[in-house]
Structure formats: C-alpha cells, structure tokens
Amino acid sequence: MEKDFFDRDPKIVARDLLGKKLVHEEHDGRVSGIIVETEAYYTKTDKASHTFYRPSALKFFLNNLPGTAYVYFTYGNHWMLNVLTKDGAVLFRALEPVEGIKKMKIRRKTSEIKKLSNGPGKLAQALGINGAHNGLHFAEKKIFVKETNLAPQIVEATRIGITRDSHKKLRFYIKGNEFVSKK
DNA sequence: TTCGTGATAGAG
DNA sequence: TCTATCACGAAG
C-alpha cells in the first residue's frame, strides 16, 4: 500500500479499497478478507456522517490523520470499522473471508461462510475488531490493508441504513460478489 | 417486518 | 433525569 493512500477524497479511497485485503494481525495468527463493499462519508458536507451530528466524532476526525481507524459501537450490539481519509472516512461494509476462517466461524457462531462478514457489524465481529482498536493507525500494521492483483468491476449505489443524504451514491461494491450485504 | 441493545447528545 | 436516535442483525 503506497504512502498517502488514505490522504485522498473518501469516494476515491472507497473505490480503490475494493479488491484489496483487509487484515487483522493477531498474536495467534491473522484474520483477513477481500474488501467487497465500502461506503464514503464526508466530514463537513455530509449530513449522514457522524461528524455532522456528533461533536465527539467531529473532534476525532479533525484530530487524527488519514489512515487512522475509527471504530464505534452502535445499536447496543455492533462495532463498525472505518478508516479516516482526507476530509472524511470510509466504512468497511463487507468482506470475502480469506484467512482465519475457523476463528471467524467461532466468533460469529456460525459455520456458514456467507454469513461471516457480509455486513459491517458481522465483519467487525469476524475480525475481532472492537473499541480497543479505535485510533490505531493502519501503518502500525495491527489492522491494515494489503494490495492484491485483483481488478474488480465496481458498482456505485446509495448508502444503507441512513436517513439524511440518502440519495447520494457513496456506496461501492464488487459486481456480482456474493458477500455484498445487499443489492 | 419487528425488536433488542447501549452510547451519545440535547432538552428539561 | 429523560428521551430520541442510530453507518445493524437475527428471528419470524
């Protein structure tokens, strides 16, 4: 991953992340998957972004560098993994499991591969991501993104689970991939 | 479709 | 204190 990869417009980063590998390096081995679905959020101009209605989130975005993990807890159950970019962030929404599948199955309490990481909450659970990872920089290589030789076909769509600015096409996924959370 | 779950933030 | 809301997921 080239330096300054994350120091670009969130929409560009969201697209470029598709087909790359998201890795969580743990003491007992690595857990990873191909990124198949992402969403972009903008710090200042996006009403759907946490920065728009959560002062603490705005502070976090403004006080951390692109490439920093933004992990938050919601709906009483779920952790969400994002990475900061220039003027925004990208939410990791779905992965195609690659390494550590056995561990993912235990964490997710299912043996069905397709249900391991086909959604943002599921993905974080499968990878073992939680609040302890908030603020870690991807350059530290605990959580990070790795290049692949894939060149996926990308589909652009509206974001999921938001109300404000729901018409904006800031969701991206790999065409035809069976791990995408929704069509 | 409905409902659980808990942090955050603003109002009272 | 109280209440609304929420970048979700599982069950039915």
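Protein chains get the first letters and strands the later ones, always in sequence-line order, with residue 1 at the start of each.
- Base pairing of B/dT5: no nucleotide in any strand meets the Watson-Crick or G-U wobble criterion (both distances under 3.5 Å).
- Across every strand in view, C/dA7 sits unpaired, with no contact that passes the Watson-Crick or G-U test at under 3.5 angstrom.
- Take the nearest nucleotide of DNA chain C for A/Y41 and for A/K115: the residue whose nucleotide is more 5' is A/Y41.
- Using a 4.0 Å cutoff on non-hydrogen atoms, the parts of residues 59-75 of chain A near DNA chain C are A/Y72, A/T74, A/Y75, ordered by number.
- For A/R93 and C/dC8, the shortest distance from a side-chain N or O to OP1 or OP2 is below 4.0 Å.
- Distances shorter than 4.0 Å separate some side-chain N or O of A/R108 from OP1 or OP2 on C/dA10.
- Atom NZ of A/K11 and atom P of C/dA7 are 21 Å apart (whole Å).
- A/K115 NZ: 12 or fewer foreign heavy atoms inside a 6.0 Å radius.
- Aromatic ring orientation, A/F92 versus A/F138: parallel (interplanar angle below 30°, classes split at 30° and 60°).
- For the pair A/V71/A/M80, no side-chain contact is recorded, criterion being any heavy-atom separation below 4.5 Å from C-beta on.
- The closest side-chain heavy-atom distance from A/K20 to A/K146 is not below 4.5 Å.
- Between A/K109 and C/dA10 there is no side-chain N or O to OP1 or OP2 distance below 4.0 Å.
- Contact annotation: A/S49 side-chain N/O to C/dA7 OP1/OP2 distance is not under 4.0 Å.
- Using a 4.0 Å cut-off, some side-chain N or O of A/T163 falls inside it from OP1 or OP2 of C/dC6.
- If you run ring-ring contact (aromatic ring centres under 6.0 Å, His included) between A/H50 and each of A/Y72, A/Y42, A/F73, only A/Y72 comes through.
- You'll find that the side chain of A/N77 is closest to B/dT5, out of C/dA10, B/dT5, C/dG9.
- Here A/E26 does not pair with A/K142 in a salt bridge; the nearest charged N to carboxylate O distance is not below 4.0 Å.
- Between the side chains of A/K122 and A/N118, at least one donor-acceptor pair of N or O atoms lies under 3.5 Å.
- No more than 12 heavy atoms of other residues, nucleotides or ligands shown are found within 6.0 angstrom of CD on A/Q153.
- Protein atom NE2 of A/H78 is 9 Å distant from nucleotide atom P of C/dC8, rounded to whole Å.
- Residue A/N82 contributes atom CG, which lies 13 Å from atom C1' of C/dC8 at whole-angstrom precision.
- Rounding to whole angstrom units, OH of residue A/Y53 and C1' of B/dT8 are separated by 10 Å.
- Nearest to the side chain of A/R164, among C/dA7, B/dG10, C/dC6, sits C/dC6.
- For A/E112 and C/dA10, the CD to P distance is 10 Å, given to the nearest whole Å.
- Here B/dT8 presents its C1' atom at 13 Å from CH2 of A/W79, a figure rounded to the nearest Å.
- A/R159 places its CZ atom 11 Å from the P atom of C/dC8, with the value rounded to the nearest Å.
- Protein atom CD1 of A/I162 is 10 Å distant from nucleotide atom P of C/dC6, rounded to whole Å.
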